2 protein chains.
Amino acid sequence: MPYGDGMSARARSEERRAEIVRAALEVIAERGYRGASLAAVAERVGLTQQGLLHHFPTKEALLVAVLEERDQWDAVPDTRWRVDLLTSLVEYNAMRPAIIQTFSALLGESVTEGHPAREYFTERYTRVRESMAAVLRTEYGDRLPNGLTPQRTAPLLVAVMDGLQYQWLLDPESVDMPGAFRDFLRLLGEGRD
Amino acid sequence: MPYGDGMSARARSEERRAEIVRAALEVIAERGYRGASLAAVAERVGLTQQGLLHHFPTKEALLVAVLEERDQWDAVPDTRWRVDLLTSLVEYNAMRPAIIQTFSALLGESVTEGHPAREYFTERYTRVRESMAAVLRTEYGDRLPNGLTPQRTAPLLVAVMDGLQYQWLLDPESVDMPGAFRDFLRLLGEGRD
DNA sequence: AACGAAACCTACCGATCTACAGGTAATCGA
DNA sequence: TCGATTACCTGTAGATCGGTAGGTTTCGTT
């Protein structure tokens, strides 16, 4: 029998990598990417820093795995999304501050020169804006207030989601993130039939 | 005659400090606060790292000076602001990517644990939200679309400004920051008389 | 002209960081 | 059962970091 459990070697290895990625998410939330040391991540899964490097050859490789995890995470339906599902997403996010903090910290860092997540976020935003435009079109057609088009509204929708996250992370008591987001959506729904 | 110029010792010292703060703004924009080394800032003003520490005893003291500079910067009128002045501000910002990048990077880092700018941003947002609520009330009274109050709209306004900055910094070609901001304001102006 | 302070500098310390090299024990496939 | 692979470990290199100690030059003041 392999090890004490019923896992194959390959499955165990992937399990280990997933553990490490989870730990990395936590540490990045706490200290950012630049502030996250491999040693801190390793310690959290009971490894030495060099042991961790066996699974991810460089720090950047670990970051890539973290970003891929996120891609997989919100690669949900896409166009099939509805606006009320966005509300649910924001409500769900409000219950998971650690994840939000990780990617808010990464987004902030990513605008600096040569940051390894910069390209990721740039492309992600392009994708998300298109996706949101599709959602808006599905929900409201082209009848948005003030002659706004879904194309032009999408950046606003994304900006509201991100911007609210920072305010909420810094002061959750003072900012009702889901409530504010619903307010914004109601603003869009005004000119509807 | 003191030195080659007509400055007093005190004025020269303040001039030097201002130089250093300017350099720090640049370096933080490029590498974030954690990634900004004192040596890099010092080099930019022709000092050694230890020479810089003569003017600012610790790295954190330098950061405080950077944040104070910003406070002074946007401690403009306040309630006297009008919505169209906000548009001008966004247009002005669109011409100064370095400054925006500095504070977007700092904001991102500030959500991490124990970051020296965390308290600053938390308090700043409280202040700015109140300020924006006052502006909205002055401009639109309480007649905002969908029964929204200025109090509840202010976080959205701030979120839009911040969120657009990230999208714009990452991909200025694809995001018309001032245009999008005007779109948002038009959304608010809809239910007006 | 003498004194004191400001504005630097060189030298250095201890900590921390990513990464490489190489060893070892456990495990798996043939 | 044996050879290879996996999953670690210790040791260490090489760089960089913020900060301290202490000297020296430059300058304003008296």
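So you know, we letter chains A, B, ... as the sequences are listed, proteins then strands, and number each from 1. When reading the values below, keep in mind they use all heavy atoms of this one structure, side chains included, and skip hydrogens, waters and symmetry mates. None of the values given here were measured: they were computed from a predicted structure.
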DNA chain C: A/K59 or B/G51, which has the more 5' nearest nucleotide? B/G51
Interatomic distance, [X] [atom1] vs [N] [atom2] [rounded to whole Å]:
X	N	atom1	atom2	value
A/E14	D/dA7	CD	P	11 Å
A/L52	C/dC17	CG	P	13 Å
A/E15	D/dT6	CD	P	19 Å
A/L53	D/dG11	CG	P	17 Å

All N/O contacts under 3.5 Å from nucleotides 12-14 of chain C to the protein, with atom names and distances to one decimal?
from: C/dC12; atom 1: N4; to: B/Q50; atom 2: NE2; distance (Å): 3.4

Residues in side-chain contact (heavy atoms from CB on, under 4.5 Å) contact with [X], at least two apart in sequence or another chain:
X	result
B/E60	B/Y33, B/T58, B/P116
A/T112	A/R34, A/H115, B/A105
B/E130	B/T126
A/V128	A/R124, A/M132, A/V158

What pairs meet the ring-ring contact (aromatic ring centres under 6.0 Å, His included) rule with one or both residues in residues 161-183 of chain B, with sequence neighbours excluded? A/Y166-B/Y166
Could you note down all residue pairs passing ring-ring contact (aromatic ring centres under 6.0 Å, His included) where residues 39-64 of chain A supplies at least one of them, sequence neighbours left out? none
Would you list the pairs meeting side chain to side chain donor-acceptor pair (under 3.5 Å) in which at least one residue belongs to residues 172-181 of chain A, sequence neighbours left out? A/D171-A/S174
Selection: residues 40-48 of chain A, any non-hydrogen atom under 4.0 Å of DNA chain D: A/L47, A/T48
For DNA chain D, find the residues of residues 20-38 of chain B with a heavy-atom distance under 4.0 Å and give them by number; none if there aren't any. B/A36, B/S37, B/L38
Is there a side-chain polar atom (N or O) of [X] under 4.0 Å from OP1 or OP2 of [N]?
X	N	value
A/R12	D/dC8	no
A/H54	D/dC8	no
B/H55	C/dA6	no
B/R16	C/dC8	yes

Measuring from B/I100:CD1 to B/N93:CG, what's the distance to the nearest 0.5 Å? 3.5 Å
Using only atom types and a distance under 3.5 Å, with no angle test, would you say the side chain of A/S131 pairs donor to acceptor with the backbone of A/R127? no
In chain order, what residues pass the salt bridge (Lys or Arg N to Asp or Glu O under 4.0 Å) check against B/R152, with sequence neighbours excluded? A/D183
Among pairs that include at least one residue of residues 106-115 of chain B, which meet salt bridge (Lys or Arg N to Asp or Glu O under 4.0 Å), considering only residues two or more places apart or in two chains? none
